[in-house]
Amino acid sequence: MKNPLDSILGTIISGFVLTLVLYFVVKNFILAGV
Amino acid sequence: MDMIPAIARWVHFLAGITWIGLLYYFNFVQAPALAAAAADKEGPGGAGITKYVAPRALLWFRWSAVVTWLAGAALLGANFVPAFTLQSGLAGIGVGAWLGTIMLFNVWVLIWPNQKKILGIVSATDDEKGKARRIAFLASRTNTMLSIPMLFFMANGMTHKALIGL
């Protein structure tokens, strides 16, 4: 599988996906005290 | 003393724009331009960029990263430890602070030492330069990726935390 960081578009998409993942982890796990 | 957070916020923004602006310049402009220059066998090549532009851009890049982090730490003040330990009410800005810290680490531990080899500031064999080029490239791309959630959590983590439910 190609590394998404090898392309600018892949890097930006990865950044947005990571934003969503971190947001839901913080909101539903860290702040929920799980 | 009341002016310290205001000055810290101002400096944090000034240095942060310099840092991330140059990061985006490297990723969206310089790296593709150097690749295009290398592929263009009849063109002037990218030697001028690597000799005159890249060292100056890297100077401002790495030191603005340090100033951004220090001003951010000053801005957090007494909230520094609670933010980094993701305490309630500071988890949003804490995630932003962690991402910024990882990015600072990447600048000084992965990007700059390898760029010194690539640009010939320190001696390296062609094989070492090839490896350094890949490490610096991926660290720079990683920082570009991390800057997206970092800016989300920085921009919203304190002043708009209720809006985003953090």
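This structure is a prediction, so every number in the text was calculated from the model and none was measured. All chains are named by letter (A, B, ...) in the order of the sequence lines, taking the proteins before the strands, and each is independently numbered beginning at 1.
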Are [X] and [Y] connected, step by step, through hydrophobic side chains (Ile, Leu, Val, Met, Phe, Trp, Tyr) whose heavy atoms are closer than 4.5 Å?
| X | Y | value |
| --- | --- | --- |
| L119(B) | V107(B) | yes |
| F16(A) | L23(B) | yes |
| V26(A) | L163(B) | no |

inquiry  = I need the minimum non-hydrogen distance between P149(B) and G15(A), along with the two atoms involved.
reply    =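 Looks like CD-O, 3.5 Å.
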request  = Compare every heavy atom of R141(B) with every heavy atom of I8(A), then report the nearest pair and how far apart it is.
outcome  =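 Looking at all heavy atoms of both residues, the closest pair is CG1-NH2, 3.3 Å.
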ask   = Do F137(B) and D6(A) have side-chain heavy atoms sitting under 4.5 Å apart?
value =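 F137(B) vs D6(A): side chains touch.
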ask   = Any side-chain heavy-atom pair from L166(B) and L31(A) closer than 4.5 angstrom?
value =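 Counting from C-beta outward, L166(B) and L31(A) do come under 4.5 Å.
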Atom pair [atom1] ([X]) and [atom2] ([Y]), whose distance is rounded to the nearest 0.5 Å:
| X | Y | atom1 | atom2 | answer |
| --- | --- | --- | --- | --- |
| T19(A) | M150(B) | OG1 | CE | 10.5 Å |
| T11(A) | L146(B) | OG1 | CG | 10.5 Å |
| I148(B) | L22(A) | CD1 | CG | 12.0 Å |

Residues, nucleotides or ligands: over 12 heavy atoms within 6.0 Å of [X] [atom1]:
| X | atom1 | result |
| --- | --- | --- |
| W112(B) | CH2 | yes |
| R9(B) | CZ | no |
| F28(B) | CZ | yes |
| W108(B) | CH2 | yes |

inquiry  = Counting heavy-atom pairs closer than 4.5 Å to chain A, which one of T142(B), T144(B), I164(B) comes out on top?
reply    =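 Between T142(B), T144(B), I164(B), the count favours I164(B).
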task = Would you please test V95(B) and I30(A) for side chain to side chain contact (heavy atoms under 4.5 Å, CB included) and show each step?
result = CA-CA 11 Å; V95(B) 171; I30(A) 293 174; 5.6 Å; no
